[in-house]
2 protein chains.
Amino acid sequence: MKLELTKLMDPGSRLTEQRALIYKIISDGGQHLDADEIYSRARQKSARISLATVYRTLQKFKQMGIIDELHFGQEHHHYETRQEGEHYHLVCRSCGKVIEFTYPLSSKIKKDVMEARDFKIVGAEVNMTGYCRRCRK
Amino acid sequence: MKLELTKLMDPGSRLTEQRALIYKIISDGGQHLDADEIYSRARQKSARISLATVYRTLQKFKQMGIIDELHFGQEHHHYETRQEGEHYHLVCRSCGKVIEFTYPLSSKIKKDVMEARDFKIVGAEVNMTGYCRRCRK
DNA sequence: ATTGATAATGCGAATCATTTGCATTAATAA
DNA sequence: TTATTAATGCAAATGATTCGCATTATCAAT
């Protein structure tokens, strides 16, 4: 268990099997999983995990800033590891597929809004909906 | 009950007291209410309404396109009447206040993304978080 | 390596948001 | 005025997430 995750733990926190597994699932487990999906993938790897732990871990990772929570308008949330560059999401209204796209909004908009509304922006979530090529035909 | 809401009803739909009341509450009831808040305001006006009706009505209005659902990262959603111009939201991480701001993203970004990813955008939700002036001090 | 303090877990129950089934009420077209 | 049936209220059901608590296991200090 020699993940770089170790370094990320706050003092007083512990690196457990479950946490390492959850982090692994989110990072290489494809795109934008939700808690239930993370849970069932974790179960396949190790029976020693509960849904409550998944939720608690997600909260912790979010606070630590190593994952981000996404809100696609469903009753539950999705998660991704924190990325380097600015990127946002396109959600197909027909098939539900999520496509990432990079777009340099941040710098310009942050500056404008900061000046106009006296509001310090620290995070942004941009979700656009529409129809992907396949579904448009 | 001679609201312009009448016109908005699909054929086969009915304009009820509850629907008119809910619409009124959302439109002049200030900012971005959630279902529970709409329900309790409705109760004060008329005892003749249930939470289930609030939820059913919200769904219907959303489908009709007369309100929009907002996702501020909480476990429940918020609602606003559909606006004319493009506008997005700033949410203060400290006090929770929501500030609207207009910003002409749409045209430019839609075009770029449409071309680059072959995706037809029909809606966008932009939520930025940070700290309002009051909370920054 | 051994151990002790306590963070984290698993489990089930609790809570919160939303939806659904069904009998009753009421809007609207004839 | 009345018949059709959409919409409502209520209570129970469902889905997502959180919490309490006894047990387990990580990590720091022997």
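Every heavy atom of this structure was used, including side-chain atoms; hydrogens, water molecules and symmetry mates were not. Chain identifiers are assigned alphabetically (A, B, ...) following the order of the sequence lines, protein sequences preceding nucleic acid strands; residue numbering begins at 1 within each chain.
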Could you state the atom-to-atom distance from [atom1] of [X] to [atom2] of [N] in whole Å?
X: A:L51; N: D:dC19; atom1: CG; atom2: P; answer: 14 Å
X: B:E37; N: C:dA17; atom1: CD; atom2: P; answer: 12 Å
X: B:K60; N: C:dT19; atom1: NZ; atom2: P; answer: 15 Å
X: A:H78; N: D:dA16; atom1: NE2; atom2: P; answer: 10 Å
X: A:R14; N: D:dT24; atom1: CZ; atom2: C1'; answer: 10 Å
X: B:H77; N: D:dG15; atom1: NE2; atom2: C1'; answer: 12 Å
X: A:Q18; N: D:dA25; atom1: CD; atom2: C1'; answer: 9 Å

Do you know the tightest heavy-atom contact between [X] and [Y]?
X: A:H32; Y: A:F72; result: CB-CE1, 4.2 Å
X: B:A35; Y: B:V54; result: O-CG1, 3.8 Å
X: B:E69; Y: B:E125; result: O-OE1, 4.1 Å

Just N and O in the side chain of [X]: are any of them under 4.0 Å from OP1 or OP2 of [N]?
X: A:T16; N: C:dA7; answer: no
X: A:T57; N: C:dA8; answer: no
X: B:Y55; N: C:dT19; answer: no
X: A:T53; N: C:dG10; answer: yes
X: B:Q74; N: C:dC16; answer: no
X: B:R19; N: D:dA7; answer: yes

No-hydrogen, no-angle side-chain donor-acceptor test under 3.5 Å, B:H78 and B:E37: no

Touch class at under 4.0 angstrom, heavy-atom based, for B:I49 against every strand present: sugar-phosphate

hbond_proxy A:R56 side chain to C:dT9 base (donor-acceptor, 3.5 Å cutoff):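 In this structure, the two groups form no donor-acceptor pair.
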
